[in-house]
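Start at 1 and go down the list; that is how both ligands and their atoms are numbered. In this text, all values refer to a predicted model and were calculated from it rather than measured experimentally.
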Amino acid sequence: MPGYFINILMLNTELFEQVDFEVNLKFEKIIEDLLKDQYSIIDTFFDASEIEILRTATLQKFEEDQFKKSAIGNRTNEVIEKAIRGDFILWIDEQKADRAESIFFTKINNLVAYLNKTCFMGILHKEFHYAVYPTGTFYKRHLDTFQNDSRRKLSIVCYLNEENWLTTNGGELVIYKPYGGEEVIYPMPGRVVIFESQVLEHEVKKVTNDQRLSITGWLKTR
Ligand SMILES: O=C(O)CCC(=O)C(=O)O
Ligand SMILES: [Fe+2]
């Protein structure tokens, strides 16, 4: 499988001694994982207080009924298909970001800048939505670049569940590895999963208890 990443630090560390550049070890780990496995799991991307703020904002919006039934496909081609996915989503407008969303985008934008600088990723666009999976819902195995969005390069999922989220609640993200095998990832609060949108099929197992909260999005090239 072709990877999208050239990590320039691996090629030439000295280059960065001439420009104003600070190595970020957290981001380097993500890049290393992506190069090796095409996905990365980061348990401390957001800290507990940030997750709390994001969770509260998500629940408030959900309760205000701003979410609509998720749709298969993109915004111009929406076909509601409950048999495939059952989550409720709300797209986030970065231009109108509230306090919680600003916290979120500050971190994401730092990562994007780093990827563009060190890996020449050419990320120009991004799109993110809140997602709530009530008990009984799931998202069947799929690739994130279905239909007409080949610009999606990296998928990012951030889990906003309560601190006491139980692994027995279901809602695991399963990533299917291209050469066999699978990675089962529990949606623990603060955890972020990043993976190559065009390569890795994945699914969200049925939520069997509680509701599963997240922000999901995509980094896109031109
Ligand atoms: O919430 C997750 O773990 C993954 C969600 C997902 O696959 C999607 O929204 O495309
Ligand atoms: Fe997906």
Side-chain angles (χ1 to χ4, degrees), residues 30 33-34 37-43 45-46 51 54-55 57-59 61-62 66-92 104 108 125-162 165-178 182-220:
I30 294 172
D33 289 348
L34 287 168
D37 299 323
Q38 295 159 323
Y39 67 91
S40 182
I41 304 167
I42 311 101
D43 279 336
F45 197 87
F46 294 103
I51 290 301
L54 285 165
R55 180 196 308 120
T58 307
L59 287 172
K61 290 185 168 76
F62 187 49
Q66 292 185 47
F67 288 32
K68 66 177 178 4
K69 191 72 195 63
S70 62
I72 305 299
N74 60 27
R75 272 172 273 189
T76 52
N77 183 16
E78 297 188 352
V79 181
I80 293 172
E81 186 47 276
K82 216 170 150 222
I84 298 176
R85 67 186 290 187
D87 58 327
F88 292 80
I89 66 165
L90 175 69
W91 289 97
I92 305 175
F104 178 82
I108 294 294
H125 309 284
K126 54 192 182 301
E127 53 188 7
F128 283 89
H129 65 58
Y130 294 102
V132 175
Y133 287 75
T135 303
T137 60
F138 51 81
Y139 193 156
K140 292 257 194 237
R141 182 170 173 166
H142 65 280
L143 203 58
D144 282 348
T145 49
F146 50 80
Q147 302 188 6
N148 43 20
D149 210 348
S150 60
R151 296 185 307 170
R152 287 180 172 180
K153 291 298 177 298
L154 288 180
S155 304
I156 303 185
V157 196
C158 314
Y159 300 112
L160 305 177
N161 292 314
E162 297 283 351
W165 176 264
L166 300 171
T167 53
T168 50
N169 286 346
E172 303 93 327
L173 170 66
V174 180
I175 289 180
Y176 295 94
K177 303 186 190 193
E182 48 195 65
E183 174 94 39
V184 177
I185 303 161
Y186 294 100
M188 305 315 286
R191 176 171 282 172
V192 166
V193 183
I194 304 179
F195 57 91
E196 286 199 34
S197 312
Q198 304 189 342
V199 180
L200 292 181
E201 291 191 3
H202 55 281
E203 80 172 287
V204 178
K205 293 286 190 186
K206 189 189 274 186
V207 177
T208 53
N209 187 40
D210 212 333
Q211 57 186 1
R212 178 191 193 268
L213 310 175
S214 56
I215 294 178
T216 301
W218 295 272
L219 305 186
K220 300 161 63 154

ask   = Should the pair F104 and F46 be assigned to parallel (<30°), tilted (30 to 60°) or perpendicular (>60°) ring geometry?
value = parallel
request  = Using distance alone, determine whether Y133 and ligand 1 share an N or O pair under 3.5 Å.
outcome  = no
inquiry  = Has T216 got a side-chain atom pairing as donor or acceptor with H129's backbone, closer than 3.5 angstrom?
reply    = no
ask   = Picking from E203, E201, R141, E183, what satisfies side chain to side chain donor-acceptor pair (under 3.5 Å) with Y176?
value = E203
inquiry  = If I take atom CD1 from residue I92 and atom CD1 from residue I215, how far apart are they, to the nearest 0.5 angstrom?
reply    = 4.5 Å
message = For atom 4 (C) of ligand 1, what's the nearest protein heavy-atom neighbour? Residue, atom name and distance, please.
response = V204 CG2, 3.5 Å
query = Quick one: does H142 get an N or O within less than 3.5 Å of an N or O on ligand 1?
reply = yes
ask   = Got the closest protein heavy atom to atom 8 (C) of ligand 1, with its distance?
value = Y139 CE1, 3.7 Å
task = Determine whether the side chain, the backbone, both or neither of F195 has a heavy atom under 4.0 Å from any heavy atom of ligand 1.
result = neither
request  = With heavy atoms under 4.0 Å as the rule, classify the contact between D144 and ligand 1 as side chain, backbone, both or neither.
outcome  = side chain
inquiry  = Any salt bridge linking D43 with R191? Criterion: basic side-chain nitrogen under 4.0 Å from a carboxylate oxygen.
reply    = yes
note = For atom 1 (O) of ligand 1, the closest protein heavy atom turns out to be R212 NH1, 2.8 Å
query = Should H202 be counted as touching ligand 1, given the test is an N or O pair under 3.5 Å?
reply = yes
inquiry  = Is the positively charged end of K140 above the ring of F138, judged by distance under 6.0 angstrom from the centroid and angle within 45° of the axis?
reply    = yes
inquiry  = To check your reading of the model: name the closest protein heavy atom to atom 3 (O) of ligand 1, its residue, and the distance in Å.
reply    = Y159 OH, 2.6 Å
ask   = Would you call E196 and K153 a salt bridge, using N to O less than 4.0 angstrom?
value = no
Close N or O approach (R85, ligand 1; < 3.5 Å) = no
query = Going by an N to O cut-off under 4.0 Å, is there a salt bridge joining E182 and K177?
reply = no
query = Taking the six-membered ring for Trp, is the centroid-to-centroid distance between H202 and F195 below 6.0 Å?
reply = yes
task = Step through it carefully: locate the ring centre of Y133, locate the ring centre of F88, and say whether they are under 6.0 Å apart.
result = no
In the protein, N/O/S atoms that are found under 2.8 Å from the Fe ion (ligand 2), waters not counted = H142 NE2, D144 OD1, H202 NE2
query = Does any non-hydrogen side-chain atom of S214 lie less than 4.5 Å from one of V157?
reply = yes
key: E203, portion touching ligand 1 at heavy-atom distance under 4.0 Å   = neither
